[in-house]
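A note on names: the letters A, B, ... follow the listed sequences, proteins ahead of strands, and every chain is numbered from 1. The figures that follow rest on heavy atoms only: side chains count, while hydrogens, waters and symmetry mates do not.
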Number of protein chains: 2
Amino acid sequence: MAYDLNKFFKAISDPNRVKIMELLKDKELNVSEICQHFDMQQPSVSHHLSVLKNADIVSSAKRGKEVYYRLDSICITNCCNGFQEQFVEIEKLK
Amino acid sequence: MAYDLNKFFKAISDPNRVKIMELLKDKELNVSEICQHFDMQQPSVSHHLSVLKNADIVSSAKRGKEVYYRLDSICITNCCNGFQEQFVEIEKLK
DNA sequence: TTTATACATAGGAATGTATCTATATAATAT
DNA sequence: ATATTATATAGATACATTCCTATGTATAAA
């Protein structure tokens with residue numbers, strides 16, 4: 001089944017989720033580490049992580065008790081480029 | 001004041017609004033013409049247009065009784081590129 | 001094998017969003 | 001002036017989303 005661009009944009013149109021993505025920009029973090037950067041409770045962070053994961057923006061790996069999340073930057077590139085190409089003439093995209 | 005990327009992504013994370021953008025891809029249309037492509041009532045279309053306009057994704061011009069809308073593709077390019085650059089190393093963006 | 005820790009899931013309250021109908025406003029035609 | 005047409009706005013309702021607390025599950029430690 002095709003990737004749902006709408007799901008991607010819904011996922012990134014929340015400031016807390018974008019902040020999570022920024023935290024994961026160049027390092028993996030587990031849920032507790034992510035929580036330390038927010039006032040939200042842990043289940044709320046887990047919810048945002050599940051939205052991001054469901055859109056393939058992050059992936060996760062369990063190691064011991066912790067679950068580590070990482071950013072999938074290829075997905076961001078593909079979605080942003082794909083969306084642009086839907087609306088902007090290719091030659092305008094330098 | 002700085003442009004609100006979150007407002008842009010909220011605006012484009014609705015399939016009806018994306019469809020409006022597609023309709024406006026290479027021609028201006030007035031509200032009635034846009035309405036013909038939807039099952040929604042005219043006030044709902046007006047609402048979606050106002051969300052798009054508020055995010056600077058479309059602009060409008062009144063001519064006689066009609067209001068014509070057009071796509072602002074520069075905004076799309078800037079937002080998509082800006083967002084990517086926030087998360088993806090520049091050199092990875094070919 | 002009980003206890004503690006890390007995380008996810010369930011359920012509910014508050015808030016936001018999409019859509020409708022009804023109505024207001026603005027431009028044009030009669 | 002009045003009626004008609006195009007669009008926007010207001011208000012109501014249904015639905016979606018965010019956040020919370022409470023609880024379940026899996027792993028590790030005691």
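The side chain of Asn16(A) lies closest to dC19(D), out of dA8(C), dC7(C), dC19(D). Comparing dC20(D), dC7(C), dA8(D) by their nearest atom to the side chain of Gln42(A) picks out dC7(C). With dC19(D), dT21(C), dA18(C) as the choices, the nucleotide that has an atom nearest any side-chain atom of Pro43(B) turns out to be dT21(C). Checking dT7(D), dA6(C), dA18(C) against the side-chain heavy atoms of Ser32(A) singles out dA6(C) as nearest. The Ser44(B) side chain lies nearest to dC20(C) when the options are dC20(C), dA27(C), dT7(D). Between dT7(D), dC19(D), dA27(C), one nucleotide has an atom nearer to the side chain of Lys65(B) than all others, and that is dA27(C). Comparing dA6(D), dT21(D), dA26(C) by their nearest atom to the side chain of Gln41(A) picks out dT21(D). Side-chain proximity of Lys62(B) to dA6(D), dC19(D), dA27(C): nearest is dA27(C).
Whole-Å rounding puts the Tyr68(B) OH to dA26(C) P distance at 20 Å. Atom CZ in Phe38(B) sits roughly 13 Å away from atom C1' in dA18(C) (whole-Å rounding). At whole-Å resolution of the value, CG in Leu49(A) and P in dC19(D) are 13 Å apart. Rounded to an integer number of Å, the gap from CD of Glu66(B) to C1' of dT28(C) is 10 Å. The separation between Leu29(A) atom CG and dC7(C) atom P is 11 Å, rounded to whole Å. Separating the CG atom of Asp14(B) from the P atom of dA16(D) is a distance of 13 Å, rounded to the nearest angstrom. Going from atom CG of Asn6(B) over to atom P of dT17(D) covers 15 Å, rounded to whole Å. The CD atom of Gln36(B) sits 10 Å away from the P atom of dA6(D) (whole-angstrom rounding).
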Evaluate the criterion side chain to side chain contact (heavy atoms under 4.5 Å, CB included) for residue pair Leu24(B) and Ile34(B); output intermediate values, then yes/no. CA-CA 9 Å; Leu24(B) 297 177; Ile34(B) 295 170; 4.2 Å; yes
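There is a side-chain donor-acceptor pair under 3.5 Å between Ser46(A) and Gln42(A).
Listed pair Tyr69(A) / dA8(C) meets the phosphate criterion, a side-chain N or O lying under 4.0 Å from OP1 or OP2. Side-chain nitrogen and oxygen atoms of His47(A) include at least one within less than 4.0 Å of the OP1 or OP2 phosphate oxygen of dT18(D). The phosphate of dG16(C) (OP1 or OP2) has no side-chain N or O of Lys10(B) nearer than 4.0 angstrom. For the OP1/OP2 pair of dC7(C) and a distance below 4.0 Å, the side-chain nitrogens and oxygens of Ser46(A) include no atom meeting the criterion.
Taking the six-membered ring for Trp and the full ring otherwise, Phe83(B) and Phe8(B) have centroids separated by 6.0 Å or more.
Salt bridge status for Arg17(A) with Glu22(A): absent, with no side-chain N to carboxylate O gap under 4.0 Å.
Within the 4.5 Å cutoff, the side chain of Asn30(A) has no heavy atoms near those of the Val67(A) side chain.
Place Val51(B) and Arg63(B) on DNA chain C by their nearest nucleotides, and Val51(B) ends up nearer the 5' end.
The cationic group of Lys19(A) lies under 6.0 Å from the six-membered ring centre of Phe38(A) and within 45° of the ring axis, placing it in a cation-pi geometry.
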